[in-house]
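Counting starts at 1 for both ligands and their atoms, in listed order. Keep in mind it's a predicted model, so treat the numbers as computed, not measured.
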Amino acid sequence: MPSDTTHFRSVIITDIKQETAGVKTFTVTYDNRERVSYAAGQFITLVFQHHGQEERRSYSISSCNDLIEQLSFTVKRLDNGAYSRMLHDKAKVGDQLLVAGISGLFTLPQSIQAGEQFFFFAAGIGITPIYSLIRSLRIQQPETAVVLIYSNRNQEEVVFYNELKELAAKSNGKLRIEFLYSTAFNLSRARLNKALVRQLLNEYKLVSVKHLYSFVCGPHDYMRMVIYALEENGVADDRIRRENFNVNERPAILAMPPDTNAHKVTLIHNGIRHEVICQYPDTLLMAAKKNGITLPYSCETGRCGSCVARCTKGEVWHSYNEVLMDMDLRHGSILTCTGYPIGGDVTIEV
Ligand SMILES: Cc1cc2nc3c(=O)[nH]c(=O)nc-3n(C[C@H](O)[C@H](O)[C@H](O)COP(=O)(O)OP(=O)(O)OC[C@H]3O[C@@H](n4cnc5c(N)ncnc54)[C@H](O)[C@@H]3O)c2cc1C
Ligand code: FES
């Protein structure tokens with residue numbers, strides 16, 4: 001169903017840059033030329049109509065907020081991709097895009113202690129949030145040791161190659177980068193695998209694993225392998241941040257909540273209080289939508305973090321959650337897209 005688009009803000013494309021053969025960066029401002037504010041590691045969610053349906057796509061922000069840069073996002077063109085092809089083949093400077101929101105939890109920790117080290121693992125287009133995070137970190141914490149392990153097929157496909165080399169050259173050895181190419185002759189430094197993760201950790205690690213933060217972004221199998229390897233080498237799960245771009249597939253079997261009764265949900269959104277009834281199989285997000293309340297969301301599968309909210313009363317159970325860590329859950333964070341009220345009424349702040 002075509003949707004009411006009046007609650008979305010629009011942005012104007014002010015610049016388009018070709019990065020590599022299949023990757024372009026788009027810079028945007030609000031249509032009144034006001035700068036869009038964001039944090040390093042977050043993503044922008046864009047809305048478009050496709051065959052009469054409202055669809056959303058999220059893109060990690062590649063610009064650096066600490067340098068007061070206008071918001072940029074960097075897109076890989078997919079041959080059959082509806083929106084990435086439109087952006088690559090049709091979008092031009094001056095075009096308007098609709099924005100559903102800016103969100104994401106793939107951000108730097110709130111406080112960084114001296115003696116902590118950051119390992120970033122990126123593959124292909126997964127560099128986008130990591131490029132922004134590294135640049136922010138270099139500005140906020142110039143003395144912090146940072147390592148980037150960046151995998152691509154070959155050097156021509158490396159996005160931000162020159163920029164990263166320059167950043168490392170100016171870092172007094174604080175930023176060290178290992179570019180890995182799966183087509184390299186030297187197979188011991190080609191495709192990243194668990195043994196190579198261990199070897200690179202040993203080679204670059206300057207502190208004990210309990211002082212390491214790692215950030216991982218790339219294809220699903222790559223991320224799974226890197227996360228297992230980090231855990232096997234003693235990095236605690238809550239020190240491994242992950243950003244998953246592949247949110248299209250829904251888990252084959254969705255678990256059923258332990259309580260499927262209807263419950264009252266008090267939703268506080270933009271300071272306005274709404275009361276709705278949520279009855280399984282509706283999630284909190286579906287119940288809000290049915291009542292005409294427009295909450296932020298993107299993937300609707302518990303994988304991106306656009307719909308994060310806070311439960312201030314009662315209990316929310318998730319059928320799927322790839323985003324919130326135990327610590328976030330303990331602090332009351334919930335996902336409305338896969339969340340169900342259980343055991344009684346709940347209050348949710350968005
Ligand atoms: C938090 C987050 C951050 C992200 N950040 C980035 C980023 O920084 N840069 C980036 O490039 N992407 C990013 N993505 C991915 C992005 O949101 C889109 O998923 C991506 O651009 C593909 O969208 P699309 O509309 O072009 O493709 P879709 O139309 O959604 O197609 C997706 C896939 O299905 C295939 N496909 C489509 N139609 C068919 C068909 N008829 N038959 C067979 N196969 C088909 C396509 O080839 C493609 O592989 C991010 C995603 C998330 C969730
Ligand atoms: S909308 Fe993506 S996690 Fe809920």
Provide, line by line, the atom pairs where ligand 1 and the protein bring an N/O atom each to a distance under 3.5 Å; else say none.
from, atom 1, to, atom 2, distance (Å)
ligand 1, 5 (N), S60, N, 3.1
ligand 1, 8 (O), S60, N, 3.2
ligand 1, 8 (O), T74, O, 3.4
ligand 1, 8 (O), T128, OG1, 2.9
ligand 1, 9 (N), T74, O, 2.9
ligand 1, 11 (O), K76, N, 2.8
ligand 1, 14 (N), S58, O, 3.3
ligand 1, 17 (O), S58, N, 3.3
ligand 1, 17 (O), S58, O, 2.6
ligand 1, 21 (O), Y59, OH, 2.7
ligand 1, 23 (O), R57, NE, 3.3
ligand 1, 25 (O), R57, NE, 2.6
ligand 1, 25 (O), R57, NH2, 3.2
ligand 1, 25 (O), A82, N, 3.3
ligand 1, 25 (O), Y83, N, 2.8
ligand 1, 26 (O), A82, N, 3.4
ligand 1, 26 (O), Y83, N, 3.4
ligand 1, 26 (O), S84, N, 2.8
ligand 1, 26 (O), S84, OG, 2.6
ligand 1, 29 (O), A82, N, 2.9
ligand 1, 30 (O), R57, NE, 3.4
ligand 1, 30 (O), R57, NH2, 3.2
ligand 1, 38 (N), N80, O, 3.3

Q: Considering only NZ, NE, NH1 and NH2 on the basic side and carboxylate oxygens on the acidic side, decide whether K313 and D345 come within less than 4.0 Å.
A: no
Q.
Centre-to-centre under 6.0 Å for Y340 and Y280, is that the case here?
A. yes
Q.
Regarding S298 and S58, do their side chains bring together a donor and an acceptor under 3.5 Å, going by distance alone?
A. yes
Q. E163 and salt bridge (Lys or Arg N to Asp or Glu O under 4.0 Å): which partner among R135, R138, K170, K17?
A. K17
Q | Check ion pair R77-D79 (N to O, under 4.0 angstrom) | A | yes
**Q.** SB check E231 R239 (cutoff 4.0 Å)
**A.** no
Q: Could you tell me whether the side chains of R198 and N193 share a donor-acceptor contact shorter than 3.5 Å?
A: no
Q. Is K24 salt-bridged to D89, cutoff N-O under 4.0 Å?
A. no
Q | Within the 4.0 Å heavy-atom sphere of ligand 2, strictly under, residues | A | Y297, S298, C299, E300, G302, R303, C304, G305, C307, C337
Q. With a 3.5 Å cut-off and no angle check, do the side chains of T25 and E19 form a donor-acceptor pair?
A. yes
